[in-house]
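Since the model is a prediction, treat every value here as computed from it, not as a measurement. All values below were derived from every heavy atom in this structure, side-chain atoms included, with hydrogens, water molecules and symmetry-related copies excluded. Counting starts at 1 for both ligands and their atoms, following the listed order.
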Amino acid sequence: MIYRSLFSLCALTASAFAQDGGQLFTQHCSACHGTDGKGATGGAFPPLAGSAWVAGDADRAIKIVLHGLHGPINVAGKTYNLAMPPQGAVIPDDHIAAILTFVRSSWENQASAVNADLVKSIRAATSDRNTPWTAEEILKLHPLPFEKTALSSLISRVYQGPWSAIPDFAPLKPISVEEEHDGIISLSDSPFKESFAMVWEGTFEAPSAGDYTFLLDADDAATVTINNKPCLKIGGTGPMNGTRARRGTMTLPAGTHPFRVEYLQIKGNQGIALGWKAPASNSWKWLTDKTAPPREPIPIEAADGRPAIYRNFIAGSTARAIGFGFPGGFNISYSADNLATELVWTGKFMDGALHWVERGNGKEPPAGENVVNLSKSRALPAAAKFRGYKLDPTGNPTFSVQVGSQTLLDSWQANAVGLTRKLSISGSGKAMKILISDRLATKATTGHEYALGDKLLVTTDGAALETTEGKTTLNLDPAKPVTLTYRWK
Ligand code: HEC
């Protein structure tokens, strides 16, 4: 009996102590950050679980709790632009310490306990602060700790020599070789300031299959090779200020890929920044300890009610792609190789700030959202030939394709909710079977509406779409033009 009550007393004391921070968290923080730390109201507020902001140096989180935070902030790859009110006046030092100790050791967070004396000294040192912090201010004082990157088994080698271009490293002997367990590419391992080169080799872990965008900037020269294929290259001498930055896209299956970076510092300043974006993601992740804010985008967009045209490589489409960005934010990429509109998307059209590296490698991804990949093979038989496009008085295109003695006319324009496509055949003769999609499951919904994949609805003005063996086609009769409308769910 005595043993039992003693035991339960101990258990009670221990749990009361451990709960302290948790209870205070519920009282002061969970309304906004969620009881599970994932951000209240379905993630409208930023998470504390898995947040780099609460990891590492505790000063950052202490100052945020004391004085609040406002303005744009990136947490775990997502951007917020909200305001957290200061809590310093209502929560005493030892409670702030208990809350942050709880936050830093809960969920998947693993950071050290916070001592009330530290909170006290920070409160005293910042007593004249009477406005909330901005992310920029507080990160200048307390940069975020680095998280492990997508590179593993990373090895760095340092070489020395008076090179003016990246040398062939095969016959050279490195001065030092190091394993980089954090997967971070950094020049801090070089003992030299000038006339040196570095090579990093490891594997890049692609979380999903699709088009990956890479961004490289360097002072002076650098190259990136993925799967033994050149991806990006900056030559010569020059600064790392975005003017020489290179961007490129590579289609990668999910899984690990051999990854190699070569760097040459000739003289003067040094630096390398290498970032990547996952398919359909809009946030950059960095493989280097330096980041290069991508150069100010130069949006290419419709103007004066006329669509914008983009004649350069578009990621997700073939080499001869023609992009049209219609007013209202509906966009297409038409492939002159496959005689098909291969991509449609909403929002921003294309970013013109970039430089393309090598044919076929450097492809610019659509700048907007809801990208739908419609097809990847030819829309018409092999004998069909692309004959160019004409613009109507408002700039909307009609692509024309010659099939024997007939010409297929394929016109696109925006409507209030999406895109209108008119298909007709000039010249009499046989009906044509036109590929609409070979990448999306097609399901007839109601009337003449079809769901293509999970994002797009296509409605016909009466014609039926047919699906066989994963290919959705339209049978176009020369006597009966067809109008299709594309809209997003
Ligand atoms: C009234 C809502 C609210 C309360 C209460 C609140 N926060 Fe916040 N918190 C926010 C918002 C909103 C942001 C993001 C501010 C921005 O967008 O600049 C934020 C950001 C943060 C951040 C940095 C970003 C991140 O997600 O890691 C930390 C750390 C933080 N809060 C900790 C706390 C702690 C600890 C408490 C409790 C003592 C607390 N907050 C209470 C709304 C709140």
Can you list the ligand 1 atoms lying under 4.0 Å from a non-hydrogen atom of F45?
12 (C)
Selected option - heavy-atom contact closest to atom 18 (O) of ligand 1, from A55, G88, G71, P72:
G71
Atoms of ligand 1 under 4.0 Å from any heavy atom of L82, numbered from 1 in the order shown, are 12 (C), 15 (C), 16 (C), 17 (O), 18 (O)
Considering both backbone and side-chain atoms of H33, is one of its nitrogen or oxygen atoms within less than 3.5 Å of a nitrogen or oxygen in ligand 1?
yes
Is there at least one pair of N or O atoms, one from M84 and one from ligand 1, spaced under 3.5 Å apart?
no
Spell out, as yes or no, whether a donor-acceptor pair under 3.5 Å connects the side chain of E369 to the backbone of W345.
no
Output yes when a side-chain donor or acceptor of N370 lies under 3.5 Å from a complementary backbone atom of T346, and no otherwise.
no
Looking only at protein heavy atoms, which one is nearest to atom 26 (O) of ligand 1, and how far off is it?
P47 O, 2.6 Å
Report the residue from S437, S333, S375, S317 that forms a side chain to side chain donor-acceptor pair (under 3.5 Å) with E342.
S317
Would you say Q87 has any N or O atom under 3.5 Å from an N or O of ligand 1, going by distance alone?
no
Residue V54 vicinity, atoms of ligand 1 by number, heavy atom under 4.0 Å:
29 (C)
Could you identify the single nearest non-hydrogen protein atom to atom 34 (C) of ligand 1 and state the distance to 0.1 Å?
C29 SG, 3.5 Å
Could you identify the single nearest non-hydrogen protein atom to atom 27 (O) of ligand 1 and state the distance to 0.1 Å?
S51 OG, 2.6 Å
With a cut-off of 2.8 Å, does C32 put an N/O/S atom close enough to atom 8 (Fe) of ligand 1?
no
Before you tell me yes or no, could you show the steps for T203 and T256 under side-chain hydrogen bond (donor to acceptor under 3.5 Å, both in side chains), namely the whole-Å CA-CA distance, both residues' side-chain angles and the distance that decides it to 0.1 Å?
CA-CA 6 Å; T203 50; T256 54; 5.5 Å; no
Atom 14 (C) of ligand 1: the protein heavy-atom neighbour that sits closest, reported with distance to 0.1 Å:
P46 CG, 3.5 Å
Heavy-atom contact under 4.0 Å between A83 and ligand 1?
yes
Quick test of your reading of the model: are E201 and R260 salt-bridged, counting only N-O distances below 4.0 Å?
yes
Go through the steps for T237 and D220 under the test side-chain hydrogen bond (donor to acceptor under 3.5 Å, both in side chains), then give the verdict.
CA-CA 5 Å; T237 45; D220 295 293; 5.0 Å; no
For atom 28 (C) of ligand 1, grab the closest protein heavy atom and report residue, atom and distance to one decimal in Å.
L48 CD2, 3.6 Å
Numbered atoms of ligand 1 (with element) below 4.0 Å of H70, judged on heavy atoms:
18 (O)
Under 4.0 Å from any heavy atom of I73, which atoms of ligand 1 are there?
16 (C), 17 (O), 18 (O), 24 (C)
When you measure from the centre of the six-membered ring of W107, is the NZ or CZ of R104 closer than 6.0 Å and no more than 45° off the axis?
no
Check for me whether the distance between the ring centres of W412 and Y486 falls short of 6.0 Å.
yes
Decide whether the shortest distance between a heavy atom of P85 and an atom of ligand 1 is less than 4.0 Å.
yes
Within less than 4.0 angstrom of ligand 1, does I64 place any heavy atom?
yes
I'd like to know if R244 pairs up with D219 as an ion pair, taking the criterion as any Lys NZ or Arg NE/NH1/NH2 lying under 4.0 Å from an Asp or Glu carboxylate oxygen.
no
Heavy-atom nearest neighbour in the protein, as seen from atom 5 (C) of ligand 1, with distance rounded to 0.1 Å
H28 O, 3.2 Å
Using the ring of each side chain (for Trp, its six-membered ring), is F330 parallel, tilted or perpendicular to W488, with breaks at 30° and 60°?
parallel
Less than 4.0 Å between a side-chain N and a carboxylate O, is that true for D93 and R123?
yes
Begin with the C-alpha distance, continue with both residues' side-chain angles, and end with the deciding distance and a verdict on salt bridge (charged side-chain N to carboxylate O under 4.0 Å, His left out) for E449 and R487.
CA-CA 10 Å; E449 186 182 85; R487 66 190 168 88; 2.8 Å; yes
